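These notes are about the structure you will find just below.
Nothing here was measured: the structure is a model prediction, and the numbers come from that model. This chain uses plain numbering: 1 for the first residue, then up along the sequence.
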Amino acid sequence: MARVPDRKLSVFDHSLNYGQLPGLIGFHLRRASLVDFSTFSDEIGDRSITPLRYSVLELVGANPGLQPVQLAAVLGLSKPAATLAIDFWETRKCLTRRRTPADGRARGVHLTLNGEEILAELRRQVARHDEALTASLTEFELETLLKALRKIIHGTDRDDRQTRSNEHDTAK
């Protein structure tokens, strides 16, 4: 077994042998995600605004009245995690919770006027960040990457639907 030198290592340090990892798509997706996350805050200029928190604001802006439990489901979050993200934007006076007309017990999340302004600026900043992130790709490479990622995502969705369908058939 090779001994790792007693020195500080950085994320994905090039001096290490990663075994099978470099051949795995998930490993590269994780590395790309870390590059995205680490440069996101630099572009936004506010380290407390993360890609997840931006996603919450964007989804509420595009879907006024979305309930916290729906937001959690769409983003793959626990309900408490979604609540924390909503609370973050509420303290910044960007989001507000309102009772839904159809069910007085349920609360939908809405942008405030301040939230609309913040979201408009964040959209510009995030677009610049996304362009910088993919600047080394040609248009063809970018289209190919998006197509491949969508296939991975939708292939997983299809498998989930098929599993649920089979479970439903078995339960009959």
Point to revise | Check: Pro22 main-chain N/O paired with His28 side-chain donor or acceptor under 3.5 Å | key: yes

Check your understanding: In terms of heavy-atom contacts, does CZ of Arg30 have more than 12 from other residues, nucleotides or ligands at under 6.0 Å?
Key -> no

Review point. Between the side chains of Thr112 and Asn114, is a donor N or O closer than 3.5 angstrom to an acceptor N or O?
Key: no

Check your understanding: Taking the side chain as C-beta and beyond, is there a heavy-atom pair between Leu77 and Leu71 under 4.5 Å?
Key -> no

**Study point:** Salt-bridge contact Arg92-Asp87 (side-chain N to carboxylate O under 4.0 Å)
**Key:** no

Practice item. Check whether any side-chain heavy atom of Val126 lies under 4.5 Å from a side-chain heavy atom of Ile44, and answer yes or no. Key: yes

Check your understanding: Considering only heavy atoms from C-beta outward, does the side chain of Leu75 approach that of Ser55 to under 4.5 Å?
Key -> yes

Exercise for review: Under the side-chain contact (heavy atoms from CB on, under 4.5 Å) rule, collect the residues that match up with Thr50, sequence neighbours excluded.
Suggested key: Leu52, Arg53

Practice item. Could you check whether the rings of Phe40 and Tyr54 sit parallel, tilted or perpendicular, using 30° and 60° as the cut-offs? Key: tilted

Exercise for review: Determine yes or no for a side-chain-to-main-chain donor-acceptor pair under 3.5 angstrom, with Tyr18 supplying the side chain and Asp13 the backbone.
Suggested key: yes

Revision key, fill the gap. Those residues at least two apart in sequence (or on a different chain) that pass side-chain contact (heavy atoms from CB on, under 4.5 Å) with Thr100 are Gln67, Asp103, Ala106

Check your understanding: Among side-chain atoms of Asp42 and His129, is any donor-acceptor pair under 3.5 angstrom?
Key -> no

**Study point:** With sequence neighbours excluded, residues passing side-chain contact (heavy atoms from CB on, under 4.5 Å) with Ile25
**Key:** Leu29, Ile152

Review point. Is Asn63 reaching over with its side chain to a backbone N or O of Leu59, donor-acceptor style, under 3.5 angstrom?
Key: yes

Point to revise | Derivation and outcome, salt bridge (Lys or Arg N to Asp or Glu O under 4.0 Å), residues Glu121 and Arg124 | key: CA-CA 5 Å; Glu121 178 57 27; Arg124 286 188 287 278; 2.9 Å; yes

Review point. So, do Asp46 and Ser41 sit near enough that their side-chain heavy atoms are less than 4.5 Å apart?
Key: no

**Study point:** Euclidean distance, Leu122 CG relative to Leu57 CG, rounded to 0.5 Å
**Key:** 6.5 Å

